[in-house]
Number of protein chains: 2
Amino acid sequence: MNMGPMTIGEAAKASGVSVKMIRYYDEVGLVRPASRSEGNYREYDTRAVNELRFIKRARALGFDMAEIAQLLSLWRDRERPSREVKAIAQRHLADLDTRIREMQAMADTLRHLAHCCAGDDRPDCPILADLGGADLGRADHTTL
Amino acid sequence: MNMGPMTIGEAAKASGVSVKMIRYYDEVGLVRPASRSEGNYREYDTRAVNELRFIKRARALGFDMAEIAQLLSLWRDRERPSREVKAIAQRHLADLDTRIREMQAMADTLRHLAHCCAGDDRPDCPILADLGGADLGRADHTTL
DNA sequence: ATAGACCCTCCAATGATGGGAGGGTCAAGC
DNA sequence: GCTTGACCCTCCCATCATTGGAGGGTCTAT
């Protein structure tokens, strides 16, 4: 296997990150190519490809670019205190949990409304009634 | 209470939707003002304000604008079959459930990793190890 | 030399929302 | 009547990560 510099397309295949996104990460300074060729092509080495994979995995865990920038710089720093990594992870985790709870509240309400809806030819519909601000039997399931 | 046409600011207060968003809903054709004043001010009646509230509630349940456009047109149609409303709600519900499951998988993985991280001065960190593609003890918690 | 696959940069759009600039309208008080 | 301040108008821009395309240059194999 050729371990020399890769083109952006090769780095994309090796990392699973799209060519477009690799260019974007370069542009925002997250992962810069090791060098440029004579013809101005980006050249990536295995280290850069590992960083791209790192980003891909971090994105899959829901981290945003700002968090990934921090994680990446900690990853590059062999002296990092794991405390800092854990803090970022826990902050993100709390964020995830909040969003999950919000979406679950939506889903629960919606499930209840859909369950109460006949879903036939008739126009009467508790879903629309709720959205329209029905005053009947509220205060329980509608509280988000 | 004055039931005549309201200005956009009054409609915003009455509906809980921001002035900016009311203008946006007008622009995209979701809720158009009942009329325009001499001075080109948008004028909203109670019906429009009810529709704004409808949108607000639907947004709180996570519906996107395309879904809301459909729900709104069903709401306006007294002949609608509740089946159609229910179908939209159930599609959205399935979507929500999928997203919730995805986020829960992220959160579970992250919780596990954070739990395994000492979070002290030392650089060793299972979180970074996982992001970096560690080959040790995978295949269980890392499967998204 | 030419075809085809690849690469480059720049621009635009996504969805819902907020922010602001620059300017017009209206009502109250003088 | 005129000023002031609150309100309104229409544009434009930014967000966040990602994708798409246009227009054009580079490389490789035939």
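Lettering follows sequence order; numbering is per chain, from 1.
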Any salt bridge between [X] and [Y], counting N to O under 4.0 Å?
X      : Y      : value
A/R36  : A/D26  : yes
A/R99  : A/D95  : yes
B/E51  : B/R76  : yes
A/D120 : A/R122 : yes

Whole angstrom is fine here: how far is it from [atom1] in [X] over to [atom2] in [N]?
X     : N      : atom1 : atom2 : value
A/E10 : C/dA5  : CD    : P     : 16 Å
A/I22 : C/dC8  : CD1   : P     : 10 Å
A/I8  : D/dT26 : CD1   : P     : 17 Å
B/E43 : D/dC7  : CD    : C1'   : 14 Å
A/E27 : D/dT19 : CD    : C1'   : 14 Å
B/M6  : D/dC8  : CE    : C1'   : 17 Å

Task: Closest non-hydrogen atom pair between A/F63 and A/E67, with its separation - done: CA-OE1, 3.3 Å
Please determine if a side-chain N or O atom of [X] lies less than 4.0 Å away from the OP1 or OP2 oxygen of [N].
X     : N      : answer
A/T7  : C/dC6  : no
A/R36 : D/dT26 : no
A/R42 : C/dC8  : yes

Open item on the list: Regarding B/R53 and B/N50, do their side chains bring together a donor and an acceptor under 3.5 Å, going by distance alone?
Closed with: yes
Task: Heavy-atom check, side chain of B/L71 versus side chain of B/V85, under 4.5 Å - done: yes
Task: Any B/R111 side-chain heavy atom under 4.5 Å of A/D97 side chain - done: yes
TODO: Could you go through the side chain to side chain contact (heavy atoms under 4.5 Å, CB included) check for B/M6 and B/D45 one step at a time?
DONE: CA-CA 6 Å; B/M6 302 181 213; B/D45 54 17; over 6 Å; no
Task: Annotated protein contacts, base or backbone, on nucleotides 12-26 of chain C with a non-hydrogen cut-off under 4.0 Å, one of B, S, - each - done: ----SBSBB---BBS
TODO: Note the angle between the end axes of the helix from C/dA1-D/dT30 to C/dC30-D/dG1, five pairs defining each, rounded to 10 degrees.
DONE: 40°
